[in-house]
Amino acid sequence: AAHGLGRLQFSAEQRPDGLLQCLESLETGLEDNEWSVRYAAVVSLQALMDGTLAPEMRARINGLLQERRSGDDTLAVRLRALHALERLVA
């Protein structure tokens with residue numbers, strides 16, 4: 001489910017609220033005990049960043065990815081967050 005949140009499409013009027021709800025759900029996923037859920041949440045955060053976002057939402061997602069890159073206890077999640085951050089800069 002976390003992986004799918006990054007792929008949702010919203011109409012123009014639904015977009016701000018929909019993206020905020022997705023982001024809040026993904027933040028919860030980043031704290032899950034299962035590494036695979038945290039990994040999927042990172043993938044979805046990257047997908048959200050690929051779209052057009054308000055600067056404050058982009059900064060919030062960037063911060064979440066930075067936290068996972070340096071603070072997750074699973075190497076696969078840390079590396080996936082690093083990959084997401086590198087792709088966003090490129």
Side-chain angles (χ1 to χ4, degrees):
H3 183 68
L5 287 173
R7 298 176 178 214
L8 291 176
Q9 301 293 318
F10 301 100
S11 69
E13 62 185 45
Q14 294 174 325
R15 186 167 171 77
D17 290 336
L19 286 175
L20 183 59
Q21 289 176 346
C22 284
L23 182 56
E24 289 171 350
S25 295
L26 291 170
E27 284 178 315
T28 300
L30 290 173
E31 301 301 324
D32 198 274
N33 291 331
E34 289 291 326
W35 74 268
S36 59
V37 174
R38 296 191 311 274
Y39 186 98
V42 167
V43 170
S44 288
L45 287 172
Q46 179 185 343
L48 288 178
M49 289 278 281
D50 287 342
T52 304
L53 292 176
E56 60 273 0
M57 187 168 285
R58 184 171 292 279
R60 183 172 170 183
I61 292 172
N62 187 60
L64 292 169
L65 291 173
Q66 292 285 355
E67 288 174 12
R68 285 298 109 194
R69 181 187 60 83
S70 61
D72 201 276
D73 60 351
T74 302
L75 179 61
V77 177
R78 290 193 310 267
L79 290 175
R80 188 59 183 87
L82 176 61
H83 175 73
L85 289 164
E86 288 175 345
R87 293 242 354 237
L88 296 172
V89 173

**Asked** By side-chain contact (heavy atoms from CB on, under 4.5 Å), which residues pair with Leu79, not counting sequence neighbours?
**Response** Leu75
**Message:** Nearest 0.5 Å, please: how far is CD1 in Ile61 from CG in Leu88?
**Reply:** 9.0 Å
**Fellow cluster residues of Leu82, listed by chain then number, with links counted only when side-chain atoms sit under 4.5 Å apart** = none
**Asked** Who are the side-chain contact (heavy atoms from CB on, under 4.5 Å) partners of Glu24, not counting sequence neighbours?
**Response** Leu20, Glu27, Arg60
**Message:** Quick check for you: to the nearest 0.5 Å, what is the distance between Arg80 atom CZ and Leu65 atom CG?
**Reply:** 9.0 Å
Run the side-chain donor-acceptor check on residues 31-41: report pairs under 3.5 Å with partners two or more places apart or on a different chain.
from	atom 1	to	atom 2	distance (Å)
Glu31	OE2	Arg68	NH2	3.4
Asp32	OD1	Glu34	N	2.8
Arg38	NE	Asp72	OD1	3.4
Arg38	NE	Asp72	OD2	2.7
Arg38	NH1	Asp32	O	2.9
Arg38	NH1	Asn33	O	3.2
Arg38	NH2	Asp72	OD1	3.0
Arg38	NH2	Asp73	OD1	3.0
Arg38	NH2	Thr74	OG1	2.9

**Item:** Results of side-chain hydrogen bond (donor to acceptor under 3.5 Å, both in side chains) for Arg69 - residues two or more places apart only
**Value:** Gln66
**Message:** Does any part of the side chain of Arg87, heavy atoms only, come nearer than 4.5 Å to the side chain of Met49, both counted from C-beta?
**Reply:** no
**Request:** Could I get the full list of side-chain hydrogen bond (donor to acceptor under 3.5 Å, both in side chains) partners for Glu67, not counting sequence neighbours?
**Result:** none
**Prompt:** Are side-chain heavy atoms of Val42 and Leu64 found at a separation under 4.5 Å?
**Reply:** no
